[in-house]
Amino acid sequence: MPELPEVETVKRGLEPVMDGARFERVEARRQDLRWPLPGDFVARLEGKTVRGLGRRAKYITVDLSSGEVLLIHLGMSGSFRVTQDGSERRAGKYHHQHDQHLTHDHVVFHMSSGARISFNDPRRFGSMKLVAREALDAEPLLRALGPEPLGDEFDAALLARACGGKKTSLKAALSDQRVVAGLGNIYVCEALWRAKLSPKRRASTIATRSGVPNERAQALVEAIRHVLNEAIQAGGSSLRDHKRTDGELGMFQHHFAVYDRESERCPRRDGGIVKRIVQGGRSTFFCPACQR
DNA sequence: CCGCGGGCCTGAGAGC
DNA sequence: TGCTCTCAGGCCCGCG
């Protein structure tokens with residue numbers, strides 16, 4: 001599920017209760033996430049202090065005093081919930097909801113800050129991995145990732161170069177984490193709408209044959225940054241799974257122009273009716289009138 | 001090298 | 001009510 005804005009929201013929620021705190025006790029209730037947790041997962045965390053949190057694409061990184069980095073991916077349905085240890089019992093009307101949540105709490109961190117941080121993931125597409133900090137650059141999961149779309153180095157020239165020569169669609173190219181890291185189905189659709197570009201357009205058409213970016217590349221970069229920044233400000237989008245670490249919902253889904261809005265009117269004055277097509281086995285939403 | 005499709009899981013919602 | 005079917009925001013892998 002979670003794309004860059006949701007992951008960033010989760011990271012910001014974890015920061016105040018994890019940064020500077022120590023893992024006092026770790027429960028690995030289920031080891032069979034996307035990849036099995038290592039047998040010594042708990043031992044490598046307990047007693048270690050968190051030196052800082054970061055994010056790379058859709059991964060959260062937790063820097064540990066041991067010199068290792070805890071790499072976390074939320075997959076499709078992963079979420080964290082932070083409660084105060086010992087006071088996680090709730091009033092009766094939340095009881096059922098709480099029980100349901102417990103059934104998929106696969107990993108629980110008890111921090112010296114007093115926080116109980118549970119990782120919940122019904123579909124278990126999420127993953128956690130411990131990597132030596134100096135091996136992070138060589139880490140296969142991170143190695144092939146493209147530029148951070150909100151980073152300084154991401155610009156029209158870079159995007160055009162990554163898309164140059166690609167015969168595939170713009171939708172597929174932007175969904176490819178090697179081209180730009182952190183976008184998923186929602187934000188690709190929204191960014192293409194904002195840039196007025198059709199998801200079906202060939203990726204290579206945002207550059208000249210020699211790879212020089214054109215005005216489409218520029219519009220796309222602006223649109224990607226804008227959409228991501230707005231979504232982060234809104235705490236991400238909550239459709240099915242995403243919730244913030246405090247249990248509150250993100251709000252950006254109320255600002256979608258096209259995503260999940262099949263048959264509705266495009267918000268643009270000269271827009272048409274939002275259409276849903278399938279590309280690469282996934283739904284694409286776009287306005288055929290204003291996206292060209 | 002590239003692009004495509006399958007598979008991994010569970011849950012929610014639609015349709016019968 | 002309950003069954004079956006489809007779909008879901010990700011990513012890796014193997015195939016051609």
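The chains referred to below are lettered A, B, ... by the order of the sequence lines, with proteins before strands, and numbering in each begins at 1.
By the 4.0 Å N-to-carboxylate-O rule, Glu6(A) lies too far from Arg244(A) to be salt-bridged with it. Between Lys11(A) and Glu15(A) there is a salt bridge, since at least one side-chain N of the basic residue sits less than 4.0 Å from a carboxylate O of the acidic one. Comment: Arg143(A) does not engage Glu139(A) in a salt bridge, judged by the lack of any side-chain N to carboxylate O separation of less than 4.0 angstrom.
Closest approach of Ser77(A) to Arg124(A), counting heavy atoms only: OG-N, 4.3 Å.
Taking a pair as Watson-Crick or G-U wobble with both distances under 3.5 Å, DNA chain B forms stems of 3 or more consecutive pairs at B:2-8 with C:10-16, B:10-16 with C:2-8.
What separates NZ of Lys129(A) from C1' of dC11(C) is a distance of 13 Å, to the nearest Å. Atom CD1 of Ile186(A) is separated from atom P of dC7(C) by 18 Å (rounded to the nearest Å).
Side-chain contact of Ser237(A) with Tyr187(A): a donor-acceptor pair under 3.5 Å is present, judged by distance alone.
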- Message: Across nucleotides 3-10 of chain B, 5' to 3', mark each nucleotide with B, S or - according to how protein heavy atoms within less than 4.0 Å reach it.
- Response: SS--BBBB
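Here Tyr259(A) lies in heavy-atom contact (under 4.0 Å) with sugar-phosphate atoms only. Within the nucleic acid shown, Ser175(A) has no heavy atom closer than 4.0 Å to any nucleic acid atom.
Taking CG of Asp105(A) as the start and CZ of Phe119(A) as the end, the distance is 10.0 Å to the nearest 0.5 Å.
For the P atoms, the distance from dC3(C) to dC9(B) is 24 Å, rounded to whole Å.
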Sort me out a list of protein N/O and nucleotides 14-16 of chain C N/O pairs below 3.5 Å, or just none if empty.
none

